[in-house]
Participant: 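Here it is: the structure, laid out below.
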Amino acid sequence: MDKHSHGTPMTQVFGFVLSLVLTFAALFVALKTSMSFNVIMWIIGILAVVQAALQLFMFMHLRDGEDSKAQTINVVYGVFIAAVTVFGSIWVMNFSGM
Amino acid sequence: MSKKGFLIPLLAVLPVLLLSGCDTHMVVFEPKGPAARDILHLINWSLIFMALVVVVVFGLFGYIVWKYRATKENKDYEPPEEHGSTKLEIIWTVIPIIIVIALTIPTIKTIYSLEKVPAGYKDKKPITINVTSADWKWIFSYPDQGVETVNYLNIPVGTPVKFKLTSAGTMNSFWIPALGGQKYTMAKMETQLYLVADQTGEYIGKNTNFNGKGYADMEFTVEAQSPQAFAKWVKDVKNKAPKLTEKSYINLLKPSNLGRETFSNTHLAFVNHADMNSKTYTFPELYRNHDYPGQIFKEPDNQNHTMKMDGQAEGKSMDMSKMNMKNMDMKNMNMSGKSTGGENNGN
Amino acid sequence: MSANVNTALPLEYQTEQSRMNIFGFWIFLGAEIILFATLFATYSVMSHRFAGGPTQHDLFEIKGVMIETILLLTSSFTCGLAIYEMHRYNKKGLLAWMVITLLLGAGFVGMEITEFINYVHDGATMQTSGFLSSFFVLLGTHGLHVSMGIGWAIMVMIQIAKRGLTPVTARKAFIIGLYWHFLDVVWIFIFTFVYLKGMVS
Amino acid sequence: MGIKWDKILITGDPLILGSQIAILLTMIGIVVGVTLLKKWKYLWTEWFTTVDHKRIGIMYIIVGVLMFFRGGIDGLLMKAQTATPNEKFLDAQHYNEVFTTHGVIMILFMAMPLLIGLMNVVVPLQIGARDVAFPQLNAVSFWLTFAGAMLFNISFVMGGSPDAGWTAYFPLAGKEFTPGIGNNFYAVAIQIAGIGTLMTGINFIVTVLKMRAPGMTLMRMPMFTWTSFIASVIIWASFPIFTVALALMTFDRIFGTHFFTVGGDGNPMMWANLFWLWGHPEVYIVVLPAFGMFSEIISTFSRKMLYGYKSMVFSIVGIAFLSMLVWVHHFFTMGAGPAVNSIFSITTMMIAIPTGVKIFNWLFTMRKGRIEFTTAMLWALAFVPCFIIGGVTGVMLAMGAADYQYHNTLFLVAHFHYVLIPGVVFAVFGGLYYWWPKMFGHMLNEKLGKLHFWFFVIGFNMTFLPMFFLGLDGAVRRAYTYSASTGFGPLMLVSAIGAGILAIGFGFLCYNIYWSARYADRNISSDPWDARTLEWATASPVQFYNFAKVPEVKSIDAFWYMKKHNEGLELNEDELEEIHMPNNSGLPFVMAVVMGIAGFFLIFEWKIAALVALLGIFACLIARSFDTKDGFHVHIDEIKKIEKAWRTVDKEVKNHVS
Ligand code: HEA
Ligand code: HEA
Ligand SMILES: [Cu+2]
């Protein structure tokens, strides 16, 4: 069973092409358009998240193995803490109350 | 095994004993200004609920431990297996939630109100005082009056004071407990604090944020004077006090404990440490404590002032390490008058 | 342990110990996510503290960055192919794709080092400003991870070459694969939130 | 650059000179003693190379107790210095070093090793496992913790102790204001121990998720296992942050970067931010396993199952979740703005809710029970009222605006000793009295235990209760002295006397350990407390493979169920199978030594040497990677022999409880 359940090279190729597309899309949005900084950051941010998810599911097979649920919770919670750390720090260090 | 029963009365009695043992004047409970009074209201409010929690839990605890203690009589008693009770669980979740909400609302109100000129003083024209903390002294500049003091602060009573806080180096916390809460002073940025004294008198102000060897003595006095007395003081200072030069100011910034000083101009003319791009004045060589020399990195700003002024090339750092700061009693550095940090490190 | 080999599962999952190691590695990756997030947080907070030194605009060049990105993306792809070959019990294929992966990775590291050397020549060192400190440490940590990944993968490849494809070596190869993909994910965020962001404004 | 050998040792201070001589003599004494007794081989094969979780746990506990001494003496020195106004016992520099090392040692090298030690001993037993998931990694964790602790402690006699507080706030902790190397010890030694802790966290997450005995679902796990698991999750979530923060500190101090400096546009506040992103969760890392121990002890000695098991689980999960969202309450006064302060006030106060649920569940576990006042239980009982005081004052601190008046005063110091000491120290003491027979096969003396208890609890309250009032009167923390005119004198004296009583209490524990090791009855049952969880289903002390046959779990309080239904208590010899156990390994020890040496060089800023030493680590890792040893099998005959030895002996169940 292992041969097929693990993705044919087609999924690998597909994932690779997709990641290239996403990378170049981000590049284009960032450097070749004249949207406002915030809009650009939102778009390329989302593109980055999509691409990360793609790697996780298509290349890393996050949901494989007998502990797929625990693995997924682990990554999701890790991402949550990461978000708290990044956005929390930015917010707090902004001294926006001044 | 009934010894256990002693613990509760003991814990309950102890605070009372302690309270009666010392005089009960605690500065936080004797506010001399609206900001401190606001906070005290909040504290008193919270104390009601805390007392409630303590009484309920201690009571329950004492009762249960006493009632269900093992005795000779109940030797054969087989306790029941209980899994829990949804009803009870809900009760002891919901009541704390209510308490937390009851605490949250006034907390947030107070947090916001403390950022502004205290209520009742909005239409009074505030005076501005720039507070600069340095190791280990407080420097107060009155930009509008054009005077500067070290380690003491005179303010007119009944007038809102806008403190603009910053630091020349380490982070400190500016606190006049009788007048209100504290706030940090940080280099290259500014924090603000509004305080009002509504009674004349002398209060203690301190630094609460540890910043090294001279920390314990980093106190200042605040004198709330009548507006007339304050105006007179300003005038006296303008007439009699010496002027601060940039050179003497840099000396002032060096680590030392000082007495009071007064100047008839302010250092804001040379540097405002709150400014993100202001010069950095640090004096690493003056902070050595033990023999082992760590590497000290060059910084463009520093070379201009400290190194040259002290006549110390960086290579000579080894010499510095010979001095034994430990034998130097900080109290002795507490001499009033000139700043001493620079001179002291030769010995 | 060797007793309870479950041959119905993919090679890397066949022993109890392997399942435990792979799971443990996922947990470790979770910790790595948080570790890198902290570096990103630091970079975000520091990214405008130039101390009169160079800014992102002065330093970054899109061409080099794109090449680095494509090298790493491709290596992630070839790494996936290597694991794919492993599942087909093709030891040669596995090793060949691994070698390609590592060469691409080495190319990436090489380019990054040259980039850093250029910056330093331009007077932009780790000691220049808060921005550059956080920049170098964030990218340096990633680069160090890639370099260690290369060293580690070589060890695993030697073992596979010597001992063949066993549940143990397969598990090791699989784990290094996970690690490699993960570093690619981190790079995506560096690419977006360091380089692109720095070049937008 | 380079090491200046003639300057490494601190000279000119009689106290330190005394310690230097004492350390030298002790080391010589140990080496000579071990050599004379011909114990080197024993130490090496049985302890230094062990991967057995119980032995590793015991070594953690030894480190923790030793560090409690060190930290406690620091505490006593501080109390002596502040007992009267204008005291000249310590100078400012000394005092600063003392409270810094006190804080670091108590939290990182006392509380953590003791808790992780008990986790190591107990958790695998409670889930019916033969060991942790990664036994070798576990040994690495321990030895790294050990290396970190030793490295941190030599700062006292070599190079100088860190002196910027356990929080090591920048800019103070930077080279600009602390140019010596004292704070390098902080950055590097804690880093080494911290990496060990992070690996422990990962190890226990995997252990709990993957190694449970058949039938032990998550919701049947004993509460101590649950809390250890959740504490591991918090370790996993917060220690990476600390690792980075310490690394950045190291860069600032040793490589001249500008993360947290005043110059070069660094951002000193970012240190406080990162520190508390770790530091706050850290206090729950230490308190959660302690909560678990109380749960075990209270339910055992009330002879009842834990009340509200499910809500207990939810509340610890809730605490863990919230613990990552409250860090700003440590710097409300930084002025990050009213919105920030409001949000973090709310999240902080919310923690009171799940904690309250736990408190009430404990109380209701005791209700309708039959409460036996063993020493272990006394600790659990004293915990409740004391911790409530700490907890409610925590909530008072959590109210942002009110905190402006409490922050950095002795009120705060009183708060955290009132949570840390009842929460952690009482728990560890209780845990030691409770699990001592499991670890060593004999009990601790109950009479001495009670003396220990009463002195410690009374001394504790006397030491720290006055501090609340001192704080409200404006006494700030970390001040080495105060003038008589402040009026702090009397209460400070009461507090200092309390610390003396506390120390006597601790002295009783030490004597108790000694007395029991020599005289206590060895002929005790494997289940002396009539307890409820699986660790009591096997021998005391536990045989190296833990369970001859992995028990089958049918309910919460698995062992209680087995006893009540008389299931699985007897061993059916036909069902025995060979047991696979991991090999001992010297590699973890070697690795930690190399790491310690690398750390030492880095601390003294000898970068090349540190790099060379670091290569040694890579060599170890490579060696590990190529290591193919796959453990060994225990033969059935041997198992039979070992099992017979403890199962057949008739021991009286309760011959020990006074
Ligand atoms: C084991 C360690 C531990 C624990 C468990 C706690 C628990 C709590 N802590 Fe504490 N804390 C520390 C260790 C700990 N703390 C340390 C070490 C510091 C200082 C570090 C330093 O600066 O050096 C500190 C500092 C500290 C501060 C910073 C103050 C300052 O610097 O100015 C604050 C502020 O919010 C705070 C709050 C709390 C709260 C709300 C809890 C809550 O979790 C408490 C919850 C418990 C209860 C409330 C009691 C039981 C509940 C009930 C019976 C239900 C009903 C009750 C109510 C509804 C109120 N703590
Ligand atoms: C788990 C953590 C923990 C524990 C258990 C303790 C335990 C104690 N602590 Fe504290 N403490 C902290 C964590 C802890 N502490 C932290 C984090 C800080 C903040 C540091 C900072 O500001 O950076 C702090 C700060 C702190 C201060 C504040 C310093 C200041 O701000 O000025 C004080 C002062 O009294 C103090 C005292 C004590 C005392 C007396 C004990 C006692 O309970 C100790 C009991 C133990 C003993 C007494 C040892 C027994 C020894 C013997 C029996 C040997 C007898 C031999 C001889 C006397 C020679 N501690
Ligand atoms: Cu906290």
Side-chain angles (χ1 to χ4, degrees), chain B residues 1 4 11 14 18 22 26-28 39 42-43 46 50 53 57-58 60-61 64 68-70 77 79 81 84 89 92 96-97 100 104 107-108 110-112 114-115 170 177 181-184 187 191 208-211 213 216 280 282 284 287-292 294-297 299 326 330, chain D residues 7 92-93 159-160 165 171-172 175-177 179-181 256 262-263 303-305 307-308 311 333-335 338 341-342 345-346 349 352-353 356 360 363 366-373 384-385 388 392 396 399-402 404-405 408 465-466 472-474 476 478-481 490-491 605:
Chain B
M1 286 289 66
K4 189 68 221 145
L11 281 174
L14 220 53
L18 287 166
C22 65
M26 288 185 284
V27 62
V28 170
I39 298 179
L42 184 66
I43 292 176
S46 71
M50 298 310 142
V53 172
V57 178
F58 279 37
L60 209 60
F61 173 78
I64 290 176
Y68 298 102
R69 71 194 187 282
Y77 168 60
E81 294 289 348
E89 308 258 359
W92 61 59
I97 290 178
V100 166
T104 303
T107 301
I108 292 176
T110 317
I111 288 177
Y112 274 89
L114 289 176
E115 298 292 321
T170 51
Q182 57 193 295
K183 206 165 243 183
Y184 285 169
T191 42
T208 75
N209 201 59
F210 175 65
N211 67 335
K213 205 183 288 177
T280 317
T282 52
Y287 289 89
R288 291 215 177 274
N289 294 315
H290 288 290
D291 281 346
Y292 199 87
Q295 183 189 1
I296 293 176
F297 304 97
E299 261 173 56
K326 265 175 294 177
M330 295 312 304
Chain D
K7 296 237 179 324
Q93 178 60 26
L172 177 64
K175 271 288 167 75
E176 295 152 307
F177 298 98
I181 60 157
V262 179
R303 318 245 141 262
K304 275 179 79 215
M305 67 188 293
Y307 196 84
S311 60
T333 51
M334 194 181 274
N341 283 2
S342 301
S345 288
I346 297 172
M349 280 192 265
I353 297 159
F360 290 111
L363 290 179
M366 292 191 283
R367 197 185 67 144
K368 296 193 189 161
R370 187 173 178 277
I371 304 170
E372 273 182 277
F373 298 104
V384 174
I388 294 287
V392 295
M396 290 167 73
M399 302 165 61
Y404 301 162
Q405 289 282 40
N408 277 353
L465 206 58
L472 292 172
D473 199 15
V476 298
R478 292 172 174 171
Y480 81 109
T481 191
L491 282 182
E605 302 183 0

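By convention in this document, chain letters (A, B, ...) are assigned in the order of the sequence lines, proteins followed by strands, and residues within each chain are numbered from 1.
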Participant: Heavy-atom cut-off 4.5 Å, strictly under: side chain, backbone, both or neither for B/Leu114 against chain D?
Facilitator: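 Just its side chain gets close to chain D.
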Participant: In the structure I gave you, are the side-chain heavy atoms of B/Ile111 and D/Tyr404 within less than 4.5 Å of one another anywhere?
Facilitator: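 B/Ile111 vs D/Tyr404: side chains touch.
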Participant: Please name the pair of heavy atoms, one in D/Gly256 and one in B/Phe297, separated by the smallest distance, quoted to 0.1 Å.
Facilitator: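 Closest pair (atom of D/Gly256, atom of B/Phe297, distance): N-CZ, 3.2 Å.
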Participant: Tell me, side chain or backbone of D/Val384 under 4.5 Å from chain B's heavy atoms, or both, or neither?
Facilitator: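 Contact with chain B is through the side chain of D/Val384 alone.
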Participant: When you measure from the side chain of D/Glu605 to the backbone N and O of B/Gln295, does any donor-acceptor pair fall under 3.5 Å?
Facilitator: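 Yes, D/Glu605 side chain to B/Gln295 backbone: donor-acceptor pair under 3.5 Å.
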Participant: Select, from D/Gly356, D/Ser311, D/Ala352, the one with the greatest count of heavy-atom pairs under 4.5 Å involving chain B.
Facilitator: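 Highest number of heavy-atom pairs under 4.5 Å: D/Ser311.
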Participant: Based on non-hydrogen pairs under 4.5 Å, which of D/Gly159, D/Ala402, D/Pro179, D/Pro171 is most in contact with chain B?
Facilitator: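 Winner by heavy-atom pair count: D/Pro179.
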Participant: Looking at B/Phe210 and D/Gly165, what are the two nearest heavy atoms and their distance?
Facilitator: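 Taking every non-hydrogen atom into account, CE2-N, 4.2 Å.
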Participant: Which residues satisfy the side chain to side chain contact (heavy atoms under 4.5 Å, CB included) test with B/Ala216, sequence neighbours excluded?
Facilitator: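 Applying side chain to side chain contact (heavy atoms under 4.5 Å, CB included) to B/Ala216 gives D/Ala479, D/Tyr480.
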Participant: Going through the distances and angles, do D/Ile346 and B/Ile108 end up as a side-chain contact (heavy atoms from CB on, under 4.5 Å)?
Facilitator: CA-CA 9 Å; D/Ile346 297 172; B/Ile108 292 176; 3.7 Å; yes
Participant: Are B/Thr191 and D/Thr333 close enough that some pair of their side-chain heavy atoms sits under 4.5 Å apart?
Facilitator: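 When only atoms from C-beta onward are counted, D/Thr333 and B/Thr191 do not touch, as no gap falls below 4.5 Å.
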Participant: Can you find a pair of side-chain heavy atoms, one from B/Asn211 and one from D/Phe177, that are under 4.5 Å apart?
Facilitator: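 Not touching, per the 4.5 Å side-chain cut-off.
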Participant: Does a side-chain heavy-atom distance below 4.5 Å link B/Tyr184 with D/Asn408?
Facilitator: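 Yes, at least one pair of side-chain atoms sits under 4.5 Å.
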Participant: Would you compute the distance between atom CE of D/Met334 and atom CG of B/Asn209 and round it to the nearest 0.5 angstrom?
Facilitator: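 If I round to the nearest 0.5 Å, the distance is 8.5 Å.
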Participant: Between D/Gln405 and B/Ile39, what is the shortest heavy-atom contact and its length?
Facilitator: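 Taking every non-hydrogen atom into account, CG-CG2, 3.6 Å.
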Participant: Non-hydrogen atoms of chain D under 4.5 Å away: do they reach the side chain of B/Glu89, the backbone, both or neither?
Facilitator: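 Answer is side chain: those atoms of B/Glu89 sit under 4.5 Å from chain D.
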Participant: Do B/Thr107 and D/Met349 come close enough that some side-chain heavy atom pair is under 4.5 Å?
Facilitator: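 Counting from C-beta outward, B/Thr107 and D/Met349 do come under 4.5 Å.
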Participant: Taking all non-hydrogen atoms of both residues, which atom of D/Met366 and which atom of B/Tyr68 are closest, and how far apart?
Facilitator: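 Shortest heavy-atom contact: O-CB, 3.8 Å.
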Participant: So do D/Lys368 and B/Tyr77 actually touch side chain to side chain, heavy atoms under 4.5 Å?
Facilitator: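 The answer is yes, as the side chains (C-beta and beyond) meet within the 4.5 Å cut-off.
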Participant: Quick one: closest heavy-atom pair of D/Lys304 and B/Glu81, and the distance?
Facilitator: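 D/Lys304 and B/Glu81 have their closest heavy atoms at C-OE1, 4.4 Å.
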Participant: In terms of heavy-atom pairs under 4.5 Å, which option from D/Gly400, D/Gly369, D/Gly474 contacts chain B the most?
Facilitator: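 Highest number of pairs under 4.5 Å: D/Gly369.
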Participant: Check each atom of D/Ile388 against the heavy atoms of chain B and say whether the ones under 4.5 Å are side chain, backbone, both or neither.
Facilitator: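 Contact with chain B involves the side chain of D/Ile388 alone.
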Participant: For residues B/Thr208 and D/Val476, report the shortest heavy-atom separation together with the two atoms involved.
Facilitator: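 That would be CG2-CG1, 3.8 Å.
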Participant: When rounded to the nearest 0.5 angstrom, what is the spacing between CG in D/Leu363 and CD1 in B/Ile64?
Facilitator: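 Rounded to the nearest 0.5 Å, the CG-CD1 separation comes to 5.0 Å.
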